[in-house]
Enquirer: 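Once you've had a glance at the structure underneath, I'll fire off some questions.
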Amino acid sequence: MSDVIKLLPDSVANQIAAGEVIQRPASVIKELVENAVDAQATNIQIILKDAGRTLIQVIDNGVGMSDTDARLAFERHSTSKIRQADDLFSLQTMGFRGEALASIAAISHIELRTCARGAQLGTKLLINASHCESQEPDVCPAGCNFMIKDLFFNVPARRKFLKSNQVELSNIIKEFEKLALVNYNIDFTVTHNGNVLYKLSGGTFKQRIIALFGHNIDQQLIPLNVDTSLVKISGFIGKPESARKRNAMQYFFVNGRYMRHPYFHKAVLSCYDELIPDESQPKYFLVLDVDPETIDVNIHPTKTEIKFENELPIWQIISAAVKETLGRFSMVPSIDFDKEDAPEIPSFTLPHTSRAPEIAVDKSYNPFKQQTGSHGGGYTPQHSDTLPNWEELYKNFEKSKQEGLDEIGELPLSTDAPALENAVPADDEMQGVMQLADRYLLSLSQEGVVILDQHRAHLTVLYERLMDQIDGMNVVSQRVLFPEIMHLTVAQNAAFEEIEPELEKAGFGLAKLSGGDWSINSVPPGLDNIDIIEMLNEVITSVSGVSVKDKVFEKIALTIASKAAIPYNRHLNEQEMKTLITDWRKLKNTKYTPSGKLIANFLTLDQVAKMF
């Protein structure tokens with residue numbers, strides 16, 4: 001039998017590693033910037049073309065490399081960060097595996113210019129798909145200048161699955177925000193297609209947060225600081241009123257490295273119970289400093305999943321610190337003893353004594369057993385002999401009642417029931433329409449009762465109208481008297497520019513101003529009393545990462561409809577109820593919302609009869 005196991009060529013091994021380490025242009029930026037941080041750089045420039053497809057250039061003023069180190073750096077598992085396995089448990093650097101540069105070189109054209117600090121001459125290196133084409137001396141400043149061209153040029157399947165430029169740019173910005181936040185003492189500049197997106201100067205952690213996310217966030221943050229023998233925690237948490245439904249700003253860093261940690265995330269969330277709505281998420285920017293020997297970062301290729309030796313104690317410390325901070329800044333609601341307009345409680349005295357008698361409570365008291373005792377301390381039934389097994393009878397009664405309720409709950413919908421829209425009487429015959437708990441509409445007919453969820457029904461009506469508008473190109477919009485100005489961060493602006501044409505089709509009139517500002521000049525009808533800026537911010541978060549045009553518009557339409565739909569706990573008059581039911585009857589799908597939630601149900605007369 002011939003041998004079947006063969007050693008893979010380095011080029012193939014590098015492409016396999018690239019599939020794990022380099023997933024998209026944002027991954028390249030992460031690896032190169034982390035290398036620059038490890039090289040003690042104080043100024044890092046990132047230059048992009050076509051969201052990294054054509055060019056990713058990272059320039060730093062770090063310690064640089066010699067000509068020998070520059071050539072060796074692109075070999076697999078070559079690194080200056082560790083020397084032995086034990087070093088993995090005392091890491092002080094971002095990188096340590098020695099795979100990033102080899103993986104990048106396997107799927108791109110690379111030009112590197114580098115010069116070691118104090119050296120008179122640097123080196124220029126050209127690499128094409130892991131193959132070193134040339135290396136020659138070069139005059140260049142100290143540090144490194146990486147130019148990554150034509151990413152995934154030799155892996156067409158991977159290049160094909162890249163998203164649109166705006167989506168990839170949005171992912172790059174998200175990755176950059178993590179790097180810039182934790183390295184707040186470093187100057188950063190980011191340029192895309194000649195436009196400067198970020199120009200950040202080194203400063204404090206809070207200054208970096210404000211520089212990335214805008215001045216409005218300054219009033220939404222509360223400082224948090226705690227120092228224990230296990231962990232030192234510093235940073236900021238958001239005020240409860242600043243919580244978001246989607247994509248809240250939530251960042252954990254440990255020893256200068258961004259991390260994802262669902263367990264610690266839960267510790268923060270638990271502190272906001274009863275302070276924010278159930279579906280909302282608080283902001284937080286928390287930096288943890290621990291002994292490097294108590295964590296393991298060598299778990300995932302992206303190095304964002306980290307194992308903690310003292311996970312439970314740190315969870316408790318985080319929870320206690322967040323609760324204490326919320327309480328110290330009076331974020332926890334207190335009882336308000338407002339005496340104004342409070343009802344007057346009359347004073348009274350007992351008639352025959354100046355002291356109220358002590359009332360003894362017998363916790364073993366059972367009203368179904370005969371009680372005996374003096375001082376009137378028990379109730380004796382007059383016909384106790386006729387109730388010998390009352391407790392057993394009562395227990396069986398409760399059991400029978402529950403079985404009956406369960407049976408009603410399990411009743412299937414009648415197969416003979418008419419279609420929902422046909423079960424509702426016509427407009428000219430509509431009678432007996434009522435609202436239940438300011439949430440449901442009940443419409444009576446000869447066949448039974450239709451129960452309608454008012455918010456979901458109106459949401460679906462608005463959604464189908466918006467979708468019909470784009471299908472028929474019958475765009476309707478109304479001019480606003482005073483245009484509103486919307487301020488967006490760089491990340492939000494990148495996503496907004498992608499969906500702006502779709503918003504125009506939906507009836508929004510938008511004009512680009514300087515920086516990340518947009519003017520809202522017209523809106524679709526039916527959005528009265530709606531915060532347009534808040535709604536558009538929700539649209540931006542809802543379409544994050546979506547690149548297919550029709551799916552983008554579906555998400556836009558669904559978000560707009562959800563925001564503008566009749567809310568729960570709103571009382572409707574008779575005409576409003578009839579109008580909503582009429583519009584609902586005309587829907588293409590009268591039973592489910594676009595997201596698959598039940599809109600209406602029908603209770604037949606047979607089902608009503610079975611209840612009794």
Side-chain angles (χ1 to χ4, degrees), residues 20-21 23-24 26-27 30 34 88-89 91 94 97 170-171 173-182 205 209 212-213 220-222 224-226 228 230-240 242-326 331 491 538 541-542 544-546:
E20 295 179 340
V21 179
Q23 301 168 1
R24 57 196 338 148
S27 306
K30 173 183 180 296
E34 285 183 347
L88 290 171
F89 301 98
L91 289 171
M94 297 297 99
R97 291 198 183 102
S170 179
N171 286 313
I173 291 172
K174 289 177 182 177
E175 194 64 53
F176 171 75
E177 287 172 350
K178 300 169 188 175
L179 295 164
L181 277 171
V182 70
F205 189 33
I209 294 172
L212 287 171
F213 303 113
Q220 303 173 10
L221 300 179
I222 310 170
L224 181 150
N225 284 283
V226 62
T228 70
L230 288 180
V231 60
K232 178 182 178 182
I233 307 173
S234 60
F236 301 89
I237 58 174
K239 295 179 180 179
S242 69
R244 291 182 176 182
K245 286 187 177 180
R246 291 190 188 93
N247 292 355
M249 300 169 191
Q250 298 173 335
Y251 297 91
F252 269 122
F253 304 98
V254 58
N255 294 1
R257 186 191 306 276
Y258 170 79
M259 72 168 180
R260 293 174 60 254
H261 207 293
Y263 189 52
F264 291 165
H265 170 73
K266 187 66 176 176
V268 177
L269 245 59
S270 64
C271 301
Y272 284 83
D273 287 347
E274 300 181 5
L275 296 179
I276 61 177
D278 292 339
E279 297 179 355
S280 297
Q281 298 277 327
K283 298 181 176 71
Y284 59 78
F285 303 83
L286 296 179
V287 180
L288 281 63
D289 288 302
V290 300
D291 185 347
E293 295 184 358
T294 63
I295 61 174
D296 184 4
V297 301
N298 191 26
I299 295 176
H300 192 273
T302 59
K303 295 171 282 192
T304 58
E305 298 179 14
I306 298 175
K307 183 67 176 176
F308 284 74
E309 180 181 321
N310 303 305
E311 197 169 67
L312 180 57
I314 292 176
W315 190 99
Q316 295 169 336
I317 292 169
I318 292 173
S319 178
V322 173
K323 286 180 180 177
E324 190 270 340
T325 301
L326 289 171
M331 293 298 115
E538 289 193 18
T541 56
S542 70
S544 178
V546 179

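Every heavy atom of this structure was used, including side-chain atoms; hydrogens, water molecules and symmetry mates were not.
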Enquirer: Are the side chains of V268 and Q250 in touch, meaning some heavy atoms are under 4.5 Å apart?
Expert: no

Enquirer: So how far is it from L269 CG to S319 OG, rounded to the nearest 0.5 Å?
Expert: 11.0 Å

Enquirer: How far apart are the closest heavy atoms of I306 and R257, and which atoms are they?
Expert: CD1-CD, 3.9 Å

Enquirer: Of all heavy-atom pairs between S242 and K283, which one has the smallest distance, and what is that distance?
Expert: O-NZ, 2.7 Å

Enquirer: Checking T325 side chain against A321 main chain: does a donor-acceptor pair fall under 3.5 Å?
Expert: yes

Enquirer: Determine the minimum heavy-atom distance between F205 and G235, stating which atoms define it.
Expert: CE2-CA, 4.0 Å

Enquirer: Can the ring centres of F285 and F236 be said to be less than 6.0 Å apart?
Expert: no

Enquirer: My understanding is that only residues two or more places apart in sequence, or in another chain, count here; which of them pass salt bridge (Lys or Arg N to Asp or Glu O under 4.0 Å) with R24?
Expert: E168

Enquirer: Determine whether V182 and Y258 satisfy the following criterion, side-chain contact (heavy atoms from CB on, under 4.5 Å), listing intermediate values before the conclusion.
Expert: CA-CA 7 Å; V182 70; Y258 170 79; 5.9 Å; no

Enquirer: Nearest 0.5 Å, please: how far is CG in L224 from CG in L286?
Expert: 6.0 Å

Enquirer: Under 6.0 Å between ring centres: does that hold for Y263 and F308?
Expert: no

Enquirer: For the CZ atom of F213 and the CD atom of E177, what is their distance to the nearest 0.5 Å?
Expert: 4.0 Å

Enquirer: Would you name the heavy atoms of L212 and A180 that are closest together and state the gap between them?
Expert: CD1-CB, 4.2 Å

Enquirer: Got I318 and L288 here, is their nearest side-chain heavy-atom distance under 4.5 Å?
Expert: yes

Enquirer: Side chains of Y251 and Y284: does their closest heavy-atom pair fall under 4.5 Å?
Expert: no

Enquirer: I209 vs L181, test: side-chain contact (heavy atoms from CB on, under 4.5 Å). Steps then yes/no.
Expert: CA-CA 7 Å; I209 294 172; L181 277 171; 3.6 Å; yes

Enquirer: Search all heavy atoms of I173 against all heavy atoms of A491 and return the closest pair with its distance.
Expert: CG2-CB, 3.4 Å

Enquirer: Identify the heavy atoms of L179 and K30 that sit nearest to each other, and give their distance.
Expert: CD1-CA, 3.9 Å

Enquirer: Which distance, rounded to the nearest 0.5 Å, do you find between the CD1 of I317 and the CG of L312?
Expert: 10.0 Å

Enquirer: Using only atom types and a distance under 3.5 Å, with no angle test, would you say the side chain of E305 pairs donor to acceptor with the backbone of R260?
Expert: no

Enquirer: Is there a side-chain contact between P282 and P240 (heavy atoms, below 4.5 Å)?
Expert: no

Enquirer: Could you grab the distance from atom CG of D273 to atom NZ of K323, nearest 0.5 Å is fine?
Expert: 8.0 Å

Enquirer: Heavy-atom distance under 4.5 Å between the side chains of N255 and P292, does that happen here?
Expert: yes

Enquirer: side-chain contact (heavy atoms from CB on, under 4.5 Å) between R244 and M249: does it pass, once the steps are laid out?
Expert: CA-CA 9 Å; R244 291 182 176 182; M249 300 169 191; 3.3 Å; yes

Enquirer: Could you state the interatomic distance from CD1 (I222) to NZ (K239), rounded to the nearest 0.5 Å?
Expert: 6.5 Å

